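Single-structure report; data block below.
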Amino acid sequence: MTSHTTSTIERARAVLAGGCDSPVRSGWGVGAPMFVQARADGAYAYDESGRRYVDYIMAYGPLLFGHTHPALVAHLDDLARHGFVWGTTHPEEIRLAERIRTYLPAMERMRFVSTGTEAVMSALRVARAFTRRSLILKFAGNYHGHSDLALLNAGASAHTHDAAASGIPDGVMRDVVVARYNDLASVDALLHGRESELAAIIVEPIVGNMGYVTPIAGFLEGLRERARRHGALLIFDEVITWLRFGPRGAQARVGITPDMTTIGKIMGGGAPIAAFGGRADVMAALAPDGSTFTGGTHGGNPFCVGMAHRVLDLIEAHPEYYDEMRALAERLAEGIRAIFREHDLPYAVVQHESIVDFKFRAGPPNRNYDDALAADKQKYSAYYAAMLERGILLPPSQNEVMFVSTAHTRDDIDATLRAIEGSLERAAHLRS
Ligand SMILES: Cc1ncc(COP(=O)(O)O)c(C=O)c1O
């Protein structure tokens, strides 16, 4: 770490709570100094000394096209010319909703907000208003942002198992139960006797916040069936998965239609825009049609809406992008598997589209949060540091995954594989 960075971290800690705006960035998950980034382009992040790193954090998901795709960052004055925020409804916002609905028909009606946190918070409120019930069932290790109802035992880098210490009110805790992912028996046990209180089940249909976790056969179908049987709603949180797994999202892949959906991250091309939506009768609970409220100064602002159109334009103009990213991710995953075979390491490498992940834990890939917590944190910390030394920026937490973008190249992937080799060779304890 340069003295440059040390002094920046000191300055950060003197004015920002914990030195950062999101705890994962502090490096606490890997016992490392905070990575201070000075700039970015394409697939690369740069520190204050100007050193370049291949970036696999990709802002925790939004950067499907890397940091600076020209179609997203050029001619921004065209978007700004008419102002950033209007506080009125406008045709481009309507057109954006129409475009989204052609890809996600389950979002019959939607509303734009700025972040995934807001999208989930709003969807839960609507579900409770529509059902006139309070209980929410969520899953440990799924992350849905930092609102009260979503935070307990969240994945990602939220260490929030102690509700009181996390500032989650007792009253809220009475209305949230946290089940085990991929475990319908845990769902039934928690709901037993409370079925008629259930407003919604919220789930990441494919999870990116406790490492990469796929639903086992029958799990999501079981949730769909239980929500229906208990008169509750099923909410798919696709804040990570929408556009990452193509414009039809995870819901098309798993073949299940949720009652409500939340989206965000990639859709703004780096600008903050998200949405929640679902069945028309459910969304009619919102004012002015119904009696519950969500709103916001920045909801549907023309700048972010314009960015979202650019993202969809880019995806529609380049369907080959998905194949290219998948090929790169496969190359990375295959390369890591080969290295692990060579060193006789028992770690499962998973890859799905442009996501690549492995954990320092022997056995099958993560199936739930217990698996995620059982991974060896110290090994990951050593690996993170060794990779950083070699110019590779990994997420500073083992709950996250590696994101490949359209900006990554085969050379970047090969450099990454060489860095993994080098890191394993250097740190003998990583090979044990
Ligand atoms: C699945 C999921 N939902 C919701 C959120 C919250 O989104 P935001 O950080 O935009 O508030 C995240 C963020 O990581 C997420 O991964």
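Given the structure is predicted, the values throughout are model-derived calculations rather than measurements. As the structure lists them, so they are numbered: ligands from 1, and atoms in each ligand from 1. We count residues from 1, following the sequence as given.
The closest approach between Lys265 and ligand 1 falls below 4.0 Å for a heavy atom of the residue. Distances shorter than 4.0 angstrom occur between a heavy atom of Tyr143 and an atom of ligand 1.
Contact annotation: the side chain of Phe236 approaches that of Val203 to within less than 4.5 Å [non-hydrogen atoms, C-beta and beyond]. Looking at Phe403 and Asp357, their side chains never come closer than 4.5 Å, going by heavy atoms from C-beta outward. Counting heavy atoms from C-beta on, the side chains of Ile57 and Pro396 come closer than 4.5 Å.
Taking any N or O of Thr117, backbone or side chain, at least one lies under 3.5 Å from an N or O belonging to ligand 1. Between Gly116 and ligand 1, a contact under 3.5 Å exists for at least one N or O pair. For ligand 1, the polar-atom distance check against Glu204 finds no nitrogen or oxygen pair separated by under 3.5 Å.
There is no protein heavy atom closer than 4.0 angstrom to atom 9 (O) of ligand 1.
Within ligand 1, the atoms closer than 4.0 Å to a non-hydrogen atom of Gly145 are 4 (C), 5 (C), 6 (C), numbered from 1 in the order shown. Within the listing of ligand 1, atoms 10 (O), 11 (O) sit less than 4.0 angstrom from a heavy atom of Thr115. Distances below 4.0 Å separate heavy atoms of Asn209 from the following atoms of ligand 1: 1 (C), 15 (C), 16 (O). Taking every non-hydrogen atom of Asp237 and a distance limit under 4.0 Å, the qualifying atoms of ligand 1 come out as 1 (C), 2 (C), 3 (N), 4 (C). With ligand atoms numbered from 1 in the order given, ligand 1 contributes 16 (O) to contacts under 4.0 Å with heavy atoms of Ile240.
Ion pairing of Asp313 with Arg310 is absent here, as no side-chain N (NZ or NE/NH1/NH2) approaches a carboxylate O to less than 4.0 Å. With salt bridges taken as basic N to acidic carboxylate O contacts below 4.0 Å, one links Arg95 and Glu92.
Heavy atoms from other residues, nucleotides or ligands lying under 6.0 Å from CZ of Arg13 number 12 at most.
Checked by atom type and distance alone, the side chain of Arg367 never pairs as donor or acceptor with a backbone atom of Asp370 at under 3.5 Å.
Side-chain contact of Thr416 with Tyr56: a donor-acceptor pair under 3.5 Å is present, judged by distance alone.
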